[in-house]
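The basis for the numbers below is simple: all heavy atoms, side chains too, and nothing from hydrogens, waters or symmetry mates. Note that the numbering runs from 1 along the sequence shown for the chain.
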Amino acid sequence: MIDKFVRSMAEAMAGIPDGATVMMPGFGEVGAPNALLEGLLEQGATNLTLVINSAGRLRVPGKPPNVVARLIDQGRVRKVITSFVRANSVAGDWVRDGRLQAEVIPQGTLAERIRAAGAGIPAFFTPTGAGTLIAEGKEVREYQGRPCILEEALPGDVALIEAWMADRWGNLTYRETGQNFNPIMAMAAKLTIVQTHNAVDLGMLPANAIHTPGIYVNRVLHLPVGDPVLPR
């Protein structure tokens, strides 16, 4: 019997190695797997590369730093691959001091590189970034009169995913804008670990409501939050 639910955070996070490339979805706080991020902090892996839309939020007086900032501040992160590194942030300080590498990518290109990895596409051409610093060292071709640069797919070793609902096969449903980077990151990683707010019996998720099929999911941890509303 296939059952991808695990019983504890320790079981969910087991085996993440030092040096792993870890994908972390979310747009701001929406769709971010905050519990799993805390689990990674406790798990202890280091020398990490983080693939994330924004490398930590701005400093706000009286508000504690988020998990990404704490990972960086503990010296656990070697590199961030991201669309935003804010100057007034822990990541910004570490990049400025030369203690953290940052590969900054336009948001659409970041999403497409991740999606391409999940779809088995090794590389693609895009006009975004042509003629800028982003194009340095990359192949350039002209398509329909526009210069385009070659971007390679971006796979991950681990994806930490937040879902609204999951069944024991690992089929996932996301809630509204919580989808953002979750579906493509779930497809692009070798090991996909999910925190789900709601657990449902097999067959209760309508086929058209399954945003990520269970074939892409390895582990699911149920962390109950909210009142389940089954999609139609």
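- Here the CD atom belonging to Gln43 is positioned 12.5 Å from the CG atom belonging to Leu37, to the nearest 0.5 angstrom.
- To the nearest 0.5 Å, atoms CG (Leu50) and OG1 (Thr21) are separated by 9.0 Å.
- With sequence neighbours excluded, the residues satisfying ring-ring contact (aromatic ring centres under 6.0 Å, His included) with Phe125 are Tyr143.
- Among residues two or more places apart in sequence or in another chain, the side-chain contact (heavy atoms from CB on, under 4.5 Å) test is passed with Asn218 by Leu191, Thr192.
- Remark: the Arg76 side chain and the Gln74 side chain contain an N/O donor-acceptor pair separated by less than 3.5 Å.
- For Trp94, the side chain to side chain donor-acceptor pair (under 3.5 Å) partners at least two apart in sequence or on another chain are Asp73.
- Its side chain within the 4.5 Å cluster rule, Phe181 clusters with Phe5, Met23, Val51, Ile81, Ile105, Leu110, Ile114, Leu154, Ile161, Leu172, Tyr174, Ile184, Met185, Val194, Val217, Val220 among the Ile, Leu, Val, Met, Phe, Trp and Tyr residues.
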Report the C-alpha separation of Leu36 and Ile193 in whole Å, then their side-chain angles, then the decisive distance to 0.1 Å, and conclude whether the side-chain contact (heavy atoms from CB on, under 4.5 Å) test is met. CA-CA 8 Å; Leu36 294 183; Ile193 305 169; 4.1 Å; yes
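- At least one donor-acceptor pair under 3.5 Å links the side chain of Thr82 to the backbone N or O of Asn53.
- Partners of Ala119 by side-chain contact (heavy atoms from CB on, under 4.5 Å), not counting sequence neighbours, listed by chain and number: Arg115, Ile121.
- As a member of the Ile/Leu/Val/Met/Phe/Trp/Tyr network built from side-chain separations under 4.5 Å, Phe124 groups with nothing else and remains a singleton.
- Contact check on Arg141 versus Glu139 returns a salt bridge, with a Lys/Arg side-chain nitrogen under 4.0 Å from an Asp/Glu carboxylate oxygen.
- A salt bridge links Glu38 with Arg70: the closest approach of a Lys/Arg side-chain nitrogen to an acidic carboxylate oxygen falls below 4.0 angstrom.
- Between the side chains of Glu162 and Asn182, not a single donor N or O lies within less than 3.5 Å of an accepting N or O.
- Side-chain contact between Arg86 and Ser54: present, with at least one pair of heavy atoms (C-beta onward) separated by less than 4.5 Å.
- If you take CZ on Phe27 and OG on Ser83, they are separated by 9.0 Å, rounding to the nearest 0.5 Å.
- Of all heavy-atom pairs between Lys138 and Ile149, the closest is CD-CD1, 4.3 Å.
- Nearest heavy-atom pair, Asn180 versus Gly31, reported as atom, atom and distance to 0.1 Å: ND2-CA, 4.1 Å.
- When atom types are taken as modelled, the side chain of Asn66 and the backbone of Ala69 share a donor-acceptor pair closer than 3.5 angstrom.
- Here the CG atom belonging to Leu202 is positioned 5.0 Å from the CH2 atom belonging to Trp169, to the nearest 0.5 angstrom.
- Judged by distance alone, with hydrogens and angles left aside, the side-chain atoms of Glu11 form a donor-acceptor pair with the main-chain N or O of Arg7 at under 3.5 Å.
- Partners of Asp18 by side-chain contact (heavy atoms from CB on, under 4.5 Å), not counting sequence neighbours, listed by chain and number: Ala45, Thr46.
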Can you check side-chain contact (heavy atoms from CB on, under 4.5 Å) on Glu29 and Asn34, steps first, answer last? CA-CA 8 Å; Glu29 293 298 315; Asn34 291 316; 3.5 Å; yes
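- Residues Pro127 and Pro147 fail the side-chain proximity criterion, which asks for heavy atoms closer than 4.5 Å.
- For the pair Ala186 and Thr212, the tightest heavy-atom approach, listed with the atom from each and the gap, is CB-CG2, 4.0 Å.
- Scored by the side chain to side chain donor-acceptor pair (under 3.5 Å) test, Arg99 finds Asp97 as partners (sequence neighbours excluded).
- Contacts of Glu152 classified as salt bridge (charged side-chain N to carboxylate O under 4.0 Å, His left out), with partners at least two apart in sequence or in another chain: none.
- Listed by chain and residue number, Val30 satisfy the side-chain contact (heavy atoms from CB on, under 4.5 Å) test with Thr177 (two or more places apart in sequence, or in another chain).
- Here ring-ring contact (aromatic ring centres under 6.0 Å, His included) pairs that include residues 97-121, with residues two or more places apart or in two chains, number zero.
- Note on Val104: it does not cluster hydrophobically with Ile134, by side-chain heavy-atom contacts below 4.5 Å among ILVMFWY residues.
- The shortest heavy-atom contact between Arg219 and Met13 is NH1-C, 3.9 Å.
- Between Met24 and the options Leu71, Val80, Val158, a side chain to side chain contact (heavy atoms under 4.5 Å, CB included) holds for only Leu71.
- Atoms CG and OG1, on Leu221 and Thr196 in that order, are 9.5 Å from each other to the nearest 0.5 Å.
- Panel note: side chain Asn171, backbone Gly214; a donor-acceptor pair is recorded below 3.5 Å.
- Ile215 belongs to a hydrophobic cluster whose other members, connected by ILVMFWY side-chain contacts under 4.5 Å either directly or through intermediates, are Met187, Tyr216.
- With rounding to the nearest 0.5 angstrom, the CG atom of Asn198 is 12.5 Å from the CG atom of Asp167.
- Taking the side chain as every heavy atom from C-beta outward, Glu42 and Met9 never approach each other to under 4.5 Å.
- In the hydrophobic cluster analysis, where Ile, Leu, Val, Met, Phe, Trp and Tyr join through side-chain heavy atoms closer than 4.5 angstrom, Leu41 is grouped together with Leu160.
- In terms of heavy-atom proximity, Leu48 sits nearest to Pro17 at CD2-O, 4.1 Å.
- A donor-acceptor pair is defined here as one N or O able to donate and one able to accept, closer than 3.5 Å; such a pair exists between the side chain of His222 and the backbone of His197.
- The shortest non-hydrogen separation linking Ala102 to Val95 is CB-CG2, 3.8 Å.
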Applying side-chain contact (heavy atoms from CB on, under 4.5 Å) to Gln101 and Arg78, what does each step give before you reach the verdict? CA-CA 6 Å; Gln101 298 176 43; Arg78 178 183 67 86; 3.4 Å; yes
Before you tell me yes or no, could you show the steps for Ile2 and Lys4 under side-chain contact (heavy atoms from CB on, under 4.5 Å), namely the whole-Å CA-CA distance, both residues' side-chain angles and the distance that decides it to 0.1 Å? CA-CA 6 Å; Ile2 298 173; Lys4 297 182 179 179; 4.0 Å; yes
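- The hydrophobic cluster containing Ile52 also contains Ile16, counting ILVMFWY residues as joined when their side-chain heavy atoms lie under 4.5 angstrom apart, directly or transitively.
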